[in-house]
Structure formats: C-alpha cells, structure tokens
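Not measured: the values here are computed from a predicted model. Values below: all heavy atoms of this structure, side chains included; hydrogens, waters and symmetry mates excluded. Below, read A as the first sequence line, B as the second, and so on, with proteins coming before strands; counting in each chain starts at 1.
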2 protein chains.
Amino acid sequence: MNEIKTNSRPSKYVCYKLSRVMRKVHRYYENSFSQYGITPAQFYVLSAVWENDGVKFKDLAKGLEMDGSTLTSILDRLERQDLLERRDDPEDRRSLLVFLTKKAKQSIVEITCLAEKLNQEIKGRFSEEEYAAFERVLEKLSQE
Amino acid sequence: MNEIKTNSRPSKYVCYKLSRVMRKVHRYYENSFSQYGITPAQFYVLSAVWENDGVKFKDLAKGLEMDGSTLTSILDRLERQDLLERRDDPEDRRSLLVFLTKKAKQSIVEITCLAEKLNQEIKGRFSEEEYAAFERVLEKLSQE
DNA sequence: TACAAATAAATGTCTTACCAACAATATTGA
DNA sequence: TCAATATTGTTGGTAAGACATTTATTTGTA
C-alpha cells in the first residue's frame with residue numbers, strides 16, 4: 001500500500017534532470033575537496049585567480065559568470081581562510097584586485113591535480129563521441 | 001592592459017560546466033514560473049504530489065532524491081501559499097501525508113503545460129540523436 | 001514487558017545563488 | 001565646471017541544498 005510512483009513527473013523535465021545530476025557531481029567533487037577545506041565554487045575562484053593573479057573583481061565575476069554578490073561572499077570566506085587577498089586598484093578607487101596568498105600558492109597545484117583526476121574519472125565513463133555530444137549540448141545550452 | 005583571460009581554468013571541469021548550464025536553464029524556467037509565484041523546485045514538488053496525492057513525506061523526498069530538510073522548507077513555503085497541506089498519517093504518528101489544495105489543483109494543469117512547453121523549446125534546439133546522447137550521459141551520471 | 005535501536009520529520013547552520021538597494025567613485029555632457 | 005548618470009563592490013533578503021542534531025514515535029529484542 002502507498003507505493004512510490006517511480007515515474008513521478010518531474011523526471012521528465014530537462015531542468016530537473018540537470019539539477020539532480022549537477023547535485024550529484026557536485027557532491028562528488030565536494031567530498032574530495034573537503035580534505036583541503038574548500039568547496040567546488042571556492043576552487044573555481046582560486047583557479048581563476050591562479051590563472052590571472054591580480055585580476056579585477058569585476059573581470060573575475062564576469063569570467064566565472066557569477067553574480068557580484070555571490071563572488072563577494074566567496075571571497076570573504078577565502079580571505080578568512082587566508083587563501084586570497086583583496087587589494088585596492090591603484091587606477092580606480094572603486095575597483096578591487098584579487099591575489100592568491102602564499103598559502104594558496106602552496107596547495108593550488110595539488111588541488112588542481114585532484115580536480116583533473118576527478119574530471120578524468122567522469123569523462124572515462126563514456127566514449128569519446130558520447131562525451132563530445134554531451135559537451136556540445138552543454139555548450140549550446142550555456143550560450144542561451 | 002589587464003585583459004580577461006577568456007580561457008580561465010574552471011571551464012575545463014565537468015562540474016563547473018554543469019553548474020553554469022544548470023543555473024542558466026534554471027533561470028529560464030524561473031522567469032516563466034514566476035508568473036505563478038512558484039520556483040522550479042516548488043513545481044517539482046507540486047508535480048510529484050499531483051501524481052500521487054497523499055504521498056508520504058518520506059516517499060516524496062525519496063522520489064525527488066531530495067534531502068528531507070530541503071523538502072521540509074519547500075513544503076513550508078508551499079503551505080504558506082496555500083498550495084499544499086500536510087496531514088497526519090493515521091498509520092504512523094511520525095509520518096506525514098502531503099496533499100494538494102483546491103487552489104493548487106486549479107492551476108497545476110496550466111503550470112504543467114507551461115513546463116512541457118519550456119521543455120520542448122529546449123529539446124527543439126537539438127537533433128534527436130544529439131539530445132538522446134545528452135540524456136544518456138545525464139542518466140549514467142545520475143546513477144551513482 | 002522494558003529498553004535499546006531505528007526511523008520520521010523538524011530545526012539550525014553553512015554555502016551558494018539571485019535580486020534589489022546602496023555608498024563610493026568615475027565619467028559624461030551641457 | 002558641475003550636475004546628472006554610470007559603474008564598482010557590498011549589504012540584506014529569499015530560496016535551495018547539504019549536513020548534524022533533536023524530538024517523537026515505532027520496532028525489535030532481551
């Protein structure tokens with residue numbers, strides 16, 4: 001009595017499927033990153049700053065397609081952990097520049113290796129063509 | 001000077017790509033659903049309850065693969081909007097049954113049509129094979 | 001029966017995400 | 001020049017997701 005309907009509607013919708021899968025993959029990354037005390041979103045920020053140390057806040061947000069207020073709070077947490085630093089932009093007093101700390105530079109390579117490994121593990125579950133098609137669809141969807 | 005590195009690292013990672021696309025698709029649904037005063041997550045819950053009116057809280061959470069605490073807060077909001085109702089389970093005093101209200105029943109069909117339309121719009125951007133491959137990958141990723 | 005263990009849902013905390021409103025600063029254009 | 005406008009980053013609000021803890025109830029077993 002009162003069985004579960006295994007085919008309940010929401011699973012028909014792209015948005016639902018995406019969010020479910022995203023959560024799953026996110027948790028997978030999260031569990032691994034937690035040994036470094038950071039979250040996936042924090043890793044993306046560190047990674048982008050590593051690529052362009054001293055990047056402007058504005059450009060960082062734009063590059064990550066992240067709302068400014070979201071970035072503000074992630075920077076707050078990373079700064080609290082002494083992983084990065086905001087400095088004044090000498091050219092524009094409204095603007096901020098973002099730098100990695102020494103501490104972050106010491107672990108970023110190792111964390112990046114982990115991220116690559118996780119990525120390969122996921123890719124490895126699929127054939128080249130299958131994965132390529134997947135990425136193509138993601139790419140088109142992200143261009144709106 | 002100080003150009004944006006368009007190829008900043010994070011975009012290499014599946015998890016990052018997924019979350020970016022998910023956010024985009026989510027916003028797309030969100031904008032349309034907002035005319036009914038609900039969010040996509042709230043729609044999934046309504047939709048699942050509609051499929052199985054009087055479903056147990058526990059089974060609802062399981063079916064939606066949603067943490068109980070997340071569902072609790074979504075139910076709170078839907079109950080506040082008079083869209084659904086918790087009732088005691090006569091068979092187990094720890095358990096709750098979830099029902100749609102009259103108000104919800106009046107609009108759920110219309111909202112579902114909208115959801116179907118959005119879904120078709122997204123699917124329609126791709127070829128059959130392309131979309132099928134995409135769904136296959138999502139499916140595999142969502143299993144474990 | 002009695003009591004320990006398991007289960008159901010709620011609560012509190014943290015993180016991410018979005019939006020609107022705001023303060024400080026820069027740019028513009030009359 | 002200087003007032004209107006635009007831009008930068010922060011703050012505050014709400015929602016969602018995850019996790020740990022808590023309370024009430026049920027189950028299982030000694």
Side-chain angles (χ1 to χ4, degrees), chain A residues 2 4 10 15-16 18-31 33-34 37-46 55-62 64-81 83 86-98, chain B residues 2 10 15-16 18-31 33-34 37-46 55-62 64-81 86-98:
Chain A
N2 253 337
I4 312 145
C15 186
Y16 174 77
L18 266 176
S19 71
R20 200 183 37 167
V21 168
M22 204 280 279
R23 266 159 26 211
K24 227 146 199 161
V25 174
H26 189 266
R27 278 199 299 272
Y28 179 65
Y29 275 65
E30 210 167 30
N31 290 335
F33 281 143
S34 67
I38 64 172
T39 65
Q42 290 167 9
F43 168 68
Y44 306 142
V45 172
L46 288 176
V55 62
K56 288 187 186 189
F57 179 98
K58 183 191 56 155
D59 295 337
L60 187 56
K62 195 164 144 198
L64 291 164
E65 300 183 72
M66 188 177 273
D67 188 85
S69 61
T70 302
L71 185 55
T72 290
S73 64
I74 293 178
L75 292 190
D76 286 346
R77 281 172 217 113
L78 288 172
E79 210 164 24
R80 227 181 289 141
Q81 291 192 261
L83 290 170
R86 289 160 162 112
R87 294 192 210 146
D88 292 340
D89 182 345
E91 291 172 0
D92 186 338
R93 296 176 55 193
R94 293 169 304 180
S95 169
L96 283 179
L97 307 181
V98 185
Chain B
N2 252 339
C15 187
Y16 174 78
L18 267 175
S19 70
R20 201 184 37 168
V21 168
M22 204 280 278
R23 274 173 1 226
K24 226 146 202 163
V25 174
H26 188 265
R27 277 199 299 272
Y28 179 66
Y29 276 65
E30 210 167 29
N31 290 335
F33 281 143
S34 66
I38 64 171
T39 64
Q42 290 168 9
F43 168 67
Y44 305 142
V45 172
L46 288 177
V55 62
K56 288 188 184 187
F57 178 98
K58 184 190 57 156
D59 295 336
L60 186 56
K62 196 164 145 196
L64 291 164
E65 299 183 73
M66 188 178 272
D67 188 85
S69 62
T70 301
L71 184 55
T72 291
S73 63
I74 294 179
L75 292 190
D76 286 347
R77 283 172 215 114
L78 288 172
E79 211 165 22
R80 229 181 289 140
Q81 291 191 259
R86 289 159 162 113
R87 294 191 210 146
D88 294 339
D89 182 345
E91 290 171 0
D92 185 338
R93 295 176 54 192
R94 293 169 305 180
S95 168
L96 284 179
L97 307 181
V98 185

Check your understanding: In chain order, what residues pass the side chain to side chain donor-acceptor pair (under 3.5 Å) check against A/Tyr44, with sequence neighbours excluded?
Key ->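 So A/Tyr44 forms no side chain to side chain donor-acceptor pair (under 3.5 Å) with any residue.
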Not counting sequence neighbours, which residues clear side chain to side chain contact (heavy atoms under 4.5 Å, CB included) with [X]? List them please.
X       : value
A/Arg77 : A/Gln42, A/Ser73, A/Ile74, A/Arg80
B/Asp88 : B/Leu96
B/Arg94 : B/Asp92

Do any N or O atoms of the protein come closer than 3.5 Å to N or O atoms of nucleotides 15-19 of chain D, and which pairs are they?
{"residue": "D/dA16", "atom": "OP1", "partner": "B/Thr39", "partner atom": "OG1", "Å": "2.2"}
{"residue": "D/dA16", "atom": "OP2", "partner": "B/Arg77", "partner atom": "NH1", "Å": "2.4"}
{"residue": "D/dG17", "atom": "OP1", "partner": "A/Arg23", "partner atom": "NH1", "Å": "3.4"}
{"residue": "D/dA18", "atom": "OP1", "partner": "A/Arg27", "partner atom": "NH1", "Å": "2.3"}
{"residue": "D/dC19", "atom": "N4", "partner": "B/Ser69", "partner atom": "OG", "Å": "2.2"}

Rounded distance (Å) that lies between atom [atom2] of [N] and atom [atom1] of [X]:
X       : N      : atom1 : atom2 : value
A/Leu71 : D/dG9  : CG    : P     : 9 Å
A/Leu97 : D/dT8  : CG    : P     : 13 Å
B/Phe57 : C/dT11 : CZ    : C1'   : 12 Å
A/Asp88 : D/dT8  : CG    : P     : 16 Å
B/Lys62 : C/dA8  : NZ    : C1'   : 13 Å
A/Asp76 : C/dT16 : CG    : P     : 11 Å
A/Leu78 : C/dC14 : CG    : P     : 17 Å
B/Lys58 : C/dA10 : NZ    : C1'   : 17 Å

Revision key, fill the gap. Taking every heavy atom of A/Ile38 against every heavy atom of A/Gln81, the minimum-distance pair comes out as CG2-OE1, 4.3 Å
Check your understanding: For B/Arg86 and B/Thr72, which heavy atoms make the closest approach, and how far apart are they?
Key ->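 Taking every non-hydrogen atom into account, NH2-O, 3.2 Å.
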Nucleotides 22-27 of chain D: which of its N/O atoms have a protein N/O under 3.5 Å away?
{"residue": "D/dT25", "atom": "OP1", "partner": "B/Arg93", "partner atom": "NH2", "Å": "3.0"}
{"residue": "D/dT25", "atom": "O2", "partner": "B/Arg94", "partner atom": "NH1", "Å": "3.4"}
{"residue": "D/dT26", "atom": "OP1", "partner": "B/Arg93", "partner atom": "N", "Å": "3.2"}

Check your understanding: Taking the side chain of B/Leu96 as its heavy atoms from C-beta onward, which of C/dA10, D/dT8, D/dT11 lies nearest to it?
Key -> C/dA10
Check your understanding: Heavy atoms under 4.0 Å, any strand shown: does B/Ser95 hit a base, just sugar-phosphate, or nothing?
Key -> sugar-phosphate
Review point. Checking all strands, does B/Arg20 fall into the base, sugar-phosphate, or nothing category for heavy-atom contacts under 4.0 angstrom?
Key: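 It contacts nothing in the nucleic acid.
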Review point. With sequence neighbours left out, what residues match A/Arg23 under salt bridge (Lys or Arg N to Asp or Glu O under 4.0 Å)?
Key: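 A/Arg23: no salt bridge (Lys or Arg N to Asp or Glu O under 4.0 Å) contacts found.
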Exercise for review: Just jot down the salt bridge (Lys or Arg N to Asp or Glu O under 4.0 Å) partners of B/Glu65, sequence neighbours excluded, or say none.
Suggested key: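 In terms of salt bridge (Lys or Arg N to Asp or Glu O under 4.0 Å), with neighbours along the sequence ignored, B/Glu65 is linked to A/Arg20, A/Lys24.
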Point to revise | ring-ring contact (aromatic ring centres under 6.0 Å, His included) against B/Phe43, all qualifying residues, sequence neighbours excluded | key: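 For B/Phe43 the ring-ring contact (aromatic ring centres under 6.0 Å, His included) partners, ignoring immediate neighbours, are A/Tyr13, B/Phe33.
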